Participant: 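Pasting a structure below so you can have a look.
It should be emphasised that the depicted structure is a prediction, and the values quoted were computed from it without experimental measurement. To find a chain, count down the sequence lines: A is the first, B the second, and so on, and within it residues start at 1. Both backbone and side-chain heavy atoms feed into the values below; hydrogens, waters and symmetry mates do not.
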There are 2 protein chains.
Amino acid sequence: MKATIKDIAKKTNLSVATVSRILNNKTGYFSEKSATKVHKAAEELGYQKNTTAVELVTQTSKVVAVIISSTKTNFADQIIDGIQEVAFENNLNVIFLYAGENDEEIQYKSLVTAIERSVMGIIMVAVELNGSNLDYLQQSRIPYILLSTAHGPKGSAFITTDNYQLGYRATEFLIERGHRKISLVGNDLSDTGTERLRGYKDALKNNHISFNPGLALMGDFSYEDGITAAKKLFQPKLRVTGLIGGSDMVAIGIINQAKELGFSVPEDVSVMSLDGTNITNIYRPIITSAIQPFKEIGKRGMQQLLNTDERPHQSQLLTFNINEGESTRRI
Amino acid sequence: MKATIKDIAKKTNLSVATVSRILNNKTGYFSEKSATKVHKAAEELGYQKNTTAVELVTQTSKVVAVIISSTKTNFADQIIDGIQEVAFENNLNVIFLYAGENDEEIQYKSLVTAIERSVMGIIMVAVELNGSNLDYLQQSRIPYILLSTAHGPKGSAFITTDNYQLGYRATEFLIERGHRKISLVGNDLSDTGTERLRGYKDALKNNHISFNPGLALMGDFSYEDGITAAKKLFQPKLRVTGLIGGSDMVAIGIINQAKELGFSVPEDVSVMSLDGTNITNIYRPIITSAIQPFKEIGKRGMQQLLNTDERPHQSQLLTFNINEGESTRRI
DNA sequence: CTGAAAGCGCTTACAG
DNA sequence: CTGAAAGCGCTTACAG
């Protein structure tokens, strides 16, 4: 059996109340002499505080649960880093739960795990909550925030990169370098993808380029989306000069398939991406990319959760920079 | 305030005992009529079970804590998948804690979080525990297991790929293809790295190639290790024909730096790696790699934790296959 | 089928 | 400075 404060009380001939006060260092409520005895006994018994009991009696928790959509989303690493950094500064514990790839059942199970433990807050990373899960989350009354996803309705707060600008400025970037046949590839049909598409269209329009629906290929940000798009757009002949991948993986898919078909990047075709994780620096050619501030998204998410009491959650759209690599060129 | 079973009891004019039995579906201990009333009241009150209280009173936990060394280790994703799969089958909850990159303080904090919650088991992924943290973990009496790391001493159980064979067979693979000047790059000084080095040396010896200490460059499995090694071994002229990177990142570092110096892979030099994560298929050239069974490591780790009672933990060394990509050739 | 009671490990007014 | 007591939300023998 694990030792409890009762065991310490018995061993030191003190009450559990006094032991508790000493262990929690409630200065002024105990004598040095008792303190020494208690600490010695605790040490000898190998005492471990039972946080579960503490949380029950104090009705508080110092735990934030982070629910992540999947382990396949490599940008989540940076968001996690940001969350951890702020949590560490504020002496909070963070537990992570993986909710699979849009799997409603696993998503629900991870919500249950977090909610039934009465965590102090929940951060959802890149999770598209379906209706009933969102209801469940809201009903719990636990403060929450959505990162790297943009749910307009239902009044949930979210923090993400400005997806409209992502679409707009990437398109503009290629236009400024002489491209006019530009494809947008691998974005999904959620707010994230549709905002990017809107930005793409507006950038074309403002530069007097007519929108060609055949060049906006939606998907789910996957490597395969890039492969598919390249097959479609590069055969029987190159129908575009520039492509924007909805993620780094999409861009790499495009480039690999371009090579497969005998085209060079950026000599024959320019390719850029919209995430800018570390892989863009490690791949060759180095990939031109809009670098999303993922770590900052994580930090702000955690900070905002801590300020719950002061004001209602507010959504934030963050800005970004475009890093010019070796996968694009002026034509 | 959140609703409790006491609220339900009041509303239904039943005792908390009966309410508890109904909510836990202890068949035979309640009438259909009461059950209906209770479920209705629970629904109306938005009742949420308080798992913290349940764990306290039943003195059990259905939570396994997984402590991961860092978000930079990309193979951890597959291990996580394996762990989740088995946990899901067994109706267990898994919480993940990130412990930084060999940071003793964060490592300790994550251990505290897990231990003070009396989780039913702890899985350490790619974590090198220092002495006092290991003591702390063992003292807690919570079952634990180490994945993808090999601590010989202190009787901890671990599951990992056979690192000796990894070193041996990768070296042999290159020797069979005519290479005799072979370098091993980027492995660390822990059991993992030293076992690989031992396998490398034995493979050389068994093939009558003398060991050259200048070709065994240790490191910490990083991209930079690959860059550094290539600078050292490729200038002023190529001093090796084949290299084995201790991780996919090390191999990519070598290849990128080779390109930088004007060498082609595999025409001028062959490079292979010892992880085999997805990036080896996405990079070009496709990287020849010993594919570690990471997902299997995760599954077995979780399974073994579940069998704690039956027999003491046992260490396992798993086998692997080598996938021939485009980054190596016969010479 | 149901309830009263004890208890999980801890904290904290209240009283001295 | 210390202790007795109540209570956090729940479960479960025990008794009926």
Participant: Can a donor-acceptor pair be found between the side chains of A:Q48 and B:Q139 at a distance below 3.5 Å?
Facilitator: no

Participant: Starting from P on C:dT11, measure out to CG on A:L14 and report it in whole angstrom.
Facilitator: 15 Å

Participant: In terms of heavy-atom contacts, does CZ of A:F88 have more than 12 from other residues, nucleotides or ligands at under 6.0 Å?
Facilitator: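 Yes, because the 6.0 Å sphere around CZ of A:F88 holds more than 12 heavy atoms from other groups.
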
Participant: Could you tell me how far apart A:I8 (CD1) and C:dC10 (C1') are, to the nearest whole angstrom?
Facilitator: 12 Å

Participant: Choose from C:dT2, C:dC8, D:dT2 the nucleotide whose nearest atom is closest to any side-chain atom of B:S31.
Facilitator: C:dT2

Participant: With the side chain of B:T4 defined as its heavy atoms from C-beta on, choose the nearest nucleotide among C:dG9, D:dG9, C:dT2.
Facilitator: D:dG9

Participant: Protein-nucleotides 13-15 of chain D N/O pairs closer than 3.5 Å?
Facilitator:
unit_1, atom_1, unit_2, atom_2, d
D:dA13, N6, B:R21, NH2, 2.6

Participant: Would you say A:S20 places a side-chain N or O within less than 4.0 Å of OP1 or OP2 belonging to C:dC10?
Facilitator: no

Participant: Return the residues of residues 39-57 of chain A meeting this criterion: a heavy atom under 4.0 Å from some atom of DNA chain D. Order them by number, or give none.
Facilitator: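 Within residues 39-57 of chain A, the residues near DNA chain D are A:L56, A:V57.
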
Participant: Does the A:T113 side chain pair with the main chain of A:K109, one donor and one acceptor, at a distance under 3.5 Å?
Facilitator: yes

Participant: So, OP1 or OP2 of C:dT12: does either fall under 4.0 Å of a side-chain N or O from A:T58?
Facilitator: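 No, outside the criterion.
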
Participant: Of the nucleotides C:dC1, C:dA4, C:dC10, which has the atom closest to the A:I5 side chain?
Facilitator: C:dC10

Participant: Given D:dT12, is OP1 or OP2 found less than 4.0 Å from the side-chain N or O atoms of B:K26?
Facilitator: yes

Participant: What's the CZ-C1' distance between A:R117 and D:dC8, to the nearest Å?
Facilitator: 16 Å

Participant: Of the listed nucleotides (D:dT11, D:dG9, C:dT11), which one gets closest to any side-chain atom of B:N24?
Facilitator: D:dT11

Participant: With salt bridge (charged side-chain N to carboxylate O under 4.0 Å, His left out) as the test, would you mind laying out the steps for B:E55 and B:K62 before giving the verdict?
Facilitator: CA-CA 9 Å; B:E55 288 185 357; B:K62 302 193 76 170; over 6 Å; no

Participant: Under 4.0 Å from OP1 or OP2 of C:dA4: is there any side-chain N or O of B:S15 that close?
Facilitator: no

Participant: When you compare the side chain of B:N24 with that of B:I22, does any pair of heavy atoms fall below 4.5 Å?
Facilitator: no

Participant: Just verifying a value: how many Å separate B:Q292 CD and B:I79 CD1, rounded to the nearest 0.5 Å?
Facilitator: 8.0 Å

Participant: Taking the P atom of each, how far is D:dA5 from D:dC1, in whole Å?
Facilitator: 24 Å

Participant: Under 4.0 Å between any heavy atoms, over every strand shown, what does A:D7 touch: base, sugar-phosphate, or nothing? Just pick one.
Facilitator: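 Nothing: the residue A:D7, judged by heavy atoms under 4.0 Å, touches no strand.
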
Participant: Under a 3.5 Å distance rule, please check whether A:D188 uses its side chain to pair with a backbone N or O of A:D220 as donor and acceptor.
Facilitator: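 Not at all, since once roles are kept as given, no pair shorter than 3.5 Å links the two residues.
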
Participant: Counting only N and O atoms by type, is there a donor-acceptor contact under 3.5 Å from the side chain of A:D7 to the main-chain atoms of A:T4?
Facilitator: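 Yes, because the side chain of A:D7 sits within donor-acceptor range (under 3.5 Å) of the backbone of A:T4.
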
Participant: How far apart are the closest heavy atoms of A:I67 and A:S110, and which atoms are they?
Facilitator: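 Distance-wise, the nearest heavy atoms are CG2-OG, 3.7 Å.
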
Participant: Under a 3.5 Å threshold, yes or no: a donor from one side chain and an acceptor from the other, between B:Q107 and B:E128?
Facilitator: no

Participant: Would you mind reading off the distance between A:E32 atom CD and D:dC1 atom P, rounded to a whole angstrom?
Facilitator: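 In whole Å, D:dC1 P and A:E32 CD are 9 Å from each other.
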
Participant: With side chains defined as the heavy atoms from C-beta onward, is the minimum distance between A:T160 and A:T149 less than 4.5 Å?
Facilitator: no

Participant: Whole-Å distance between D:dG9 P and B:L23 CG?
Facilitator: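 Between P of D:dG9 and CG of B:L23: 15 Å.
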
Participant: Return no unless some side-chain N or O of A:Q59 is found under 4.0 Å from OP1 or OP2 of D:dG9.
Facilitator: yes

Participant: Represent DNA chain C in dot-bracket notation, 5' to 3'. Only Watson-Crick or G-U wobble pairs with both distances under 3.5 Å count; pseudoknot-style crossings use [ ] and interstrand partners use |.
Facilitator: |||.||||||||.|||

Participant: Just the rounded figure in Å: distance from P of D:dG16 to CZ of B:F30.
Facilitator: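 Computing the B:F30:CZ to D:dG16:P distance gives 24 Å.
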
Participant: Tell me the closest heavy-atom pair linking A:V19 and A:I8, and the distance in Å.
Facilitator: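 Here A:V19 and A:I8 meet closest at CG1-CG2, 3.8 Å.
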
Participant: Hey, can you tell me if A:F96 and B:Y98 have their rings parallel, tilted or perpendicular (30° and 60° cut-offs)?
Facilitator: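 A:F96 vs B:Y98 ring planes: perpendicular.
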
Participant: Measure from NZ on B:K6 to C1' on D:dT11 and round the result to the nearest Å.
Facilitator: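 The answer, rounded to whole Å, is 14 Å.
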
